[in-house]
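Here the structure comes first, spelled out in C-alpha cells, and everything after it is commentary.
This structure is a prediction, so every number in the text was calculated from the model and none was measured.
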Amino acid sequence: MQGVQVLLAISLFTLVFSFACASDPSPLQDLCVALNDAKNDDAVFVNGKLCKDPKHVTAEDLFFSGLNVPGNTSNQLGSKVTPVNVEQIPGLNTLGISLARIDYAPSGLNPPHTHPRATEILVLLEGTLYVGFVTSNPDHRFIAKVLYPGDVFVFPVGLIHFQFNIGKTNAIAFAGLSSQNPGVITIANAVFGSKLHINPDVLSKAFQLDKNMVTHLQSRFG
C-alpha cells in the first residue's frame, strides 16, 4: 500500500513540476522554422510555433536586418524597444533565445516591466544608464547600478526591472533574452491600462491611493 502511495506522490509531483516549468524546452532538432499557416502540408506541430520542413529552410528564415537603425524615441517615455524574436526571425522557433535593441533619449525610460519567460542580459553601447530590479516577496530588495559603455547587467527571469538614461546624450543598449518569445508586462500599463479596467476599489486598497487618483491613472493609461 505504501508503495502505491509513493508512486502516486511521485506521479503527482511530476505532473505539478511539468506545469511549473515555464522556460523554453531544449530544441529537439537542428531547425524548426516557424510557420503561421497551420494548414500547411509541411507543418508538424510542436511547442512554440509550427515547423517548416527543414528541407525548405532558407537563409531568409534565419535573418533580420535593421538593428543599425535608431529607434524613434519621440514618445512620452523617450525610449524605443526594437525586438528581434520569433515573430521577426522564424528560425528562432524552439531555440530559446531572442534579442532587442533599446534606444533612449536623454532622460528616456524603459519603464518598470517584467519578462515572464526570460532572463535578460543587457550590454550598453553608448550613454549612461541607471538600471535596477526588485527581488520577489518577501524581501523586495532593490538592486541597482549605473552603467557605462561596455558594461553588462543581468535581470533575472520574471523580476520587475527598468533602465533610465541619466546622461545628457542618447543611449543605446542591446539585450539578449533566454526565450524565443520572452513576453513583456509593463507594470503601469497592465495595472492601470487593462482593456477591462480593474475595479478602482481593488487598486485603491492595493496601492493605498485615493479612489479618485486611481480613476485618474486609469484614464491616463486606458
Side-chain angles (χ1 to χ4, degrees), residues 22-24 48 64 67 70-89 92 96-147 151-167 170-198 202-203 206-209 213-214 216-222:
S23 59
D24 290 351
F64 177 86
L67 282 189
N72 184 1
T73 58
S74 299
N75 53 61
Q76 287 183 321
L77 294 172
S79 69
K80 174 63 175 178
V81 178
T82 304
V84 184
N85 55 45
V86 71
E87 299 299 328
Q88 289 76 38
I89 301 182
L92 286 176
I97 193 170
S98 59
L99 178 72
R101 170 179 173 146
I102 311 104
D103 290 273
Y104 315 80
S107 298
L109 172 70
N110 189 10
H113 63 282
T114 177
H115 302 293
R117 293 180 292 276
T119 290
E120 175 180 344
I121 183 167
L122 181 136
V123 57
L124 181 62
L125 299 186
E126 297 180 12
T128 308
L129 290 181
Y130 173 54
V131 306
F133 65 87
V134 179
T135 64
S136 57
N137 299 355
D139 293 338
H140 299 143
R141 288 187 60 211
F142 177 50
I143 298 175
K145 184 79 173 174
V146 175
L147 304 184
D151 288 347
V152 176
F153 198 80
V154 174
F155 304 102
V157 58
L159 298 186
I160 297 173
H161 60 282
F162 68 88
Q163 302 105 34
F164 182 51
N165 183 2
I166 60 174
N170 293 337
I172 303 171
F174 281 82
L177 299 115
S178 60
S179 171
Q180 68 180 43
N181 181 24
V184 183
I185 302 171
T186 305
I187 306 306
N189 298 68
V191 172
F192 296 106
S194 56
K195 298 302 181 183
L196 179 63
H197 279 167
I198 299 172
V202 173
L203 298 181
F207 288 92
Q208 297 296 292
L209 292 173
M213 177 59 71
V214 170
H216 171 69
L217 289 171
Q218 288 180 321
S219 69
R220 291 291 303 272
F221 287 94

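- Between the side chain of N165 and the main chain of A105, a donor-acceptor pair closer than 3.5 Å is present.
- N170 meets the side-chain hydrogen bond (donor to acceptor under 3.5 Å, both in side chains) test with no other residue; sequence neighbours excluded.
- By the ring-ring contact (aromatic ring centres under 6.0 Å, His included) test, Y130 is found to be paired with F162, residues two or more places apart in sequence or in another chain being considered.
- Looking at heavy atoms from C-beta onward, L99 lies out of side-chain contact with F64 at the 4.5 angstrom threshold.
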What side-chain donor-acceptor pairs closer than 3.5 Å can you find for residues 137-144, not counting sequence neighbours?
residue: N137; atom: OD1; partner: H140; partner atom: NE2; Å: 2.4

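- In this structure, S178 contributes its side chain and T119 its backbone to a donor-acceptor pair below 3.5 Å.
- Among residues two or more places apart in sequence or in another chain, the side-chain hydrogen bond (donor to acceptor under 3.5 Å, both in side chains) test is passed with E87 by K49.
- With T186 contributing its side chain and A188 its backbone, the two residues share no donor-acceptor pair below 3.5 Å.
- Looking at V131 and L124, their side chains never come closer than 4.5 Å, going by heavy atoms from C-beta outward.
- Remark: Q218 CD to L203 CG distance equals 5.5 Å, nearest 0.5 Å.
- Listed by chain and number, the residues in a ring-ring contact (aromatic ring centres under 6.0 Å, His included) with F164 amount to none (sequence neighbours excluded).
- With sequence neighbours left out, the ring-ring contact (aromatic ring centres under 6.0 Å, His included) criterion links F192 to F207.
- Taking the side-chain contact (heavy atoms from CB on, under 4.5 Å) definition, one finds that N75 meets it with L77, sequence neighbours left out.
- Residues satisfying the side-chain contact (heavy atoms from CB on, under 4.5 Å) test with I187, not counting sequence neighbours, are P112, T114, I160, V191.
- Pairs passing the ring-ring contact (aromatic ring centres under 6.0 Å, His included) check and including a residue from residues 107-128, sequence neighbours excluded, read H113-H115, H113-H161, H115-H161.
- Counting only residues at least two apart or in different chains, salt bridge (Lys or Arg N to Asp or Glu O under 4.0 Å) contacts with residues 103-113 comprise R101-D103.
- Residues satisfying the side-chain contact (heavy atoms from CB on, under 4.5 Å) test with N72, not counting sequence neighbours, are S74.
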